[in-house]
Every structure is written in structure tokens, then in C-alpha cells.
Amino acid sequence: GGIITQTPKFLIGQEGQKLTLKCQQNFNHDTMYWYRQDSGKGLRLIYYSITENDLQKGDLSEGYDASREKKSSFSLTVTSAQKNEMAVFLCASSIPGDANTGQLYFGEGSKLTVL
Amino acid sequence: GDSVTQTEGQVTVSESKSLIINCTYSATSIGYPNLFWYVRYPGEGLQLLLKVITAGQKGSSRGFEATYNKEATSFHLQKASVQESDSAVYYCALILTSGGNYKPTFGKGTSLVVHP
């Protein structure tokens, strides 16, 4: 089996600061995702990457940048953190397409607090 | 676009009672719908509870069951007798395959609280 590692698990930043979350997977999956999880709003897709060096915007991409430097890693940057912004960010990976159910595998999440 | 609607907010159930969390979906994009239930226990990551990729089939795990009803476009989660350890947030998800679709669709989540 594989694992998805998100770092850091807890991130505290100042308003206006640029903050970066990192995600590593050893499943050798092609596709990776970043979701934002808020209570009562479910999982909202921020960015996804179909394969290495690919980037696709999700429904909540404004205010974020992403980078897929290599197949195993996918980073998410909050370009200017907003005060009172608290959320859990989830990284996931999958093998899409006919040969797979499309199941997503998730990391444990990174909790962001902005002071 | 594609959408998933599930029982919203918090559901409170007494231990040993039955549970149903409703989930209906709408798949308008190209591809075949595969259906999933994910669960997030307190302090843990989001993990797969069960999945069904064939219409008419039932999936089961940890005493939970869900049947892929293509006619009703539903995938309700049921359990005959809940335990306190089932307290968690449950997400219904739709993932389309065979159509080049890479955007899974999740419901808003249902928080289950089981009282002893």
C-alpha cells in the first residue's frame, strides 16, 4: 500500500502572508488534488493535476496557486492569507480512467489558522 | 454540471438504533458514474468506507450498506444498529470514469453523532 503525506499538519500564519502546503504520495498515481474542507460546505476542489507538470483550476482556485513539480508531489500556496480563515486542506491522489474506479486516496489534512 | 445531495448537517442517533443517510446524485458529464462513501473519524484522515461501481450492486463495510440505484439516482447509506464509534462525518461522492473526467463530486457531508 501507499501513503499520502501532507506537511505541515498545522500551519499558523499572519494576514497577508504567503503560505505553502506540501503533499507527497508514493502510490505512483498520476492525478493529484487539493481540496478545502469547511464545516457545512463539504469538500471544495481548489486545484488538480492530471499528470506531472499539469495544472487545472477547480471551483475554488481564486486566492491559491499550485505546483506539480514531479509525479509524487503537489504543492498548494495561499497567496495572501485572510484573517479568520480557518480550514482543513486535503490532498488526494488517484488513477483515473477506464482501468480504475476513480477512487481517491487522501492525506490526513493540514489545518490552517490565520491570525 | 454534476452534483451530489446528501442529508445535510448533523444527524443524532441513539446507540443500537438504525441509521439512514440519504444521497442522490446527478451525472450530466460524459462518463460512467461510480459511487463512494467516505468517512472522517475524529482526529483521522478522510478514508473510503465503501464503493459500488456497478448499478444495482450493494457495497458494505463495517456494518454499513449502500445500494447503487441507477433509476432513482440514489446511494443511501444505511446501518441497522449504530455504535458510538460510528460518530464521524460521512461524505457521498460521485466519480465519473471512461470519459476523461477528473473532477470528483462530493456531497456537503453529514455529521453523525451517536449517543450511548
Side-chain angles (χ1 to χ4, degrees), chain A residues 1-7 9-10 23 25 27 29-51 54-61 68 74 87-111, chain B residues 1-11 21 23 25 27 29-55 57 59 61 68 88-111:
Chain A
I3 190 169
I4 295 181
T5 303
Q6 291 186 230
T7 54
K9 285 190 177 181
F10 300 95
C23 177
Q25 54 100 356
F27 287 102
H29 286 168
D30 290 314
T31 303
M32 297 186 73
Y33 304 83
W34 275 107
Y35 284 91
R36 174 174 166 147
Q37 181 182 32
D38 295 274
S39 178
K41 296 183 180 178
L43 274 66
R44 292 182 288 175
L45 183 62
I46 305 172
Y47 268 95
Y48 63 106
S49 169
I50 296 171
T51 188
D54 174 74
L55 278 180
Q56 305 285 337
K57 291 184 177 181
D59 303 317
L60 199 69
S61 61
R68 182 87 182 273
F74 193 29
V88 175
F89 293 84
L90 296 177
C91 177
S93 70
S94 78
I95 307 175
D98 297 348
N100 186 62
T101 65
Q103 177 181 338
L104 266 63
Y105 297 81
F106 286 88
E108 292 194 356
S110 296
K111 187 172 182 180
Chain B
D2 307 320
S3 66
V4 171
T5 302
Q6 64 178 99
T7 304
E8 289 194 17
Q10 183 173 296
V11 173
I21 298 177
C23 173
Y25 67 91
S29 301
I30 296 172
Y32 185 85
N34 292 340
L35 300 172
F36 301 77
W37 277 101
Y38 283 86
V39 58
R40 186 177 177 104
Y41 296 103
E44 298 184 18
L46 194 61
Q47 57 188 280
L48 180 71
L49 177 61
L50 57 86
K51 64 184 176 186
V52 180
I53 64 172
T54 303
Q57 298 295 311
S61 175
Y68 183 161
V89 181
Y90 294 81
Y91 293 90
C92 184
L94 163 70
I95 302 176
L96 296 170
T97 60
S98 308
N101 188 305
Y102 299 92
K103 293 179 63 175
T105 304
F106 284 82
K108 292 186 176 181
T110 303
S111 178

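Below, chain A is the first sequence line, B the second, and so on; all start at residue 1. What you see is a predicted model, and the numbers here were worked out from it, not measured in a lab.
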- Item | Contact origin within A/L104 toward chain B - heavy atom pairs under 4.5 Å | both
- Message: Need one label for A/L45: side chain, backbone, both or neither, based on atoms under 4.5 Å from any heavy atom in chain B.
- Response: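 Only the side chain of A/L45 comes within 4.5 Å of chain B.
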- Is it the side chain or the backbone of B/L46 that comes within 4.5 Å of chain A heavy atoms, both, or neither? both
- Query: Is any side-chain heavy atom of B/C92 closer than 4.5 Å to a side-chain heavy atom of B/Y25?
  - Reply: no
- Go through the structure and list residues passing ring-ring contact (aromatic ring centres under 6.0 Å, His included) with A/F27, not counting sequence neighbours.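 A/H29, A/Y105.
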- Message: The criterion is side-chain hydrogen bond (donor to acceptor under 3.5 Å, both in side chains); which residues satisfy it with A/Q56, sequence neighbours excluded?
- Response: A/D54
- Query: When rounded to the nearest 0.5 angstrom, what distance separates CH2 in B/W37 from CG in B/L48?
  - Reply: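 It comes to 12.5 Å.
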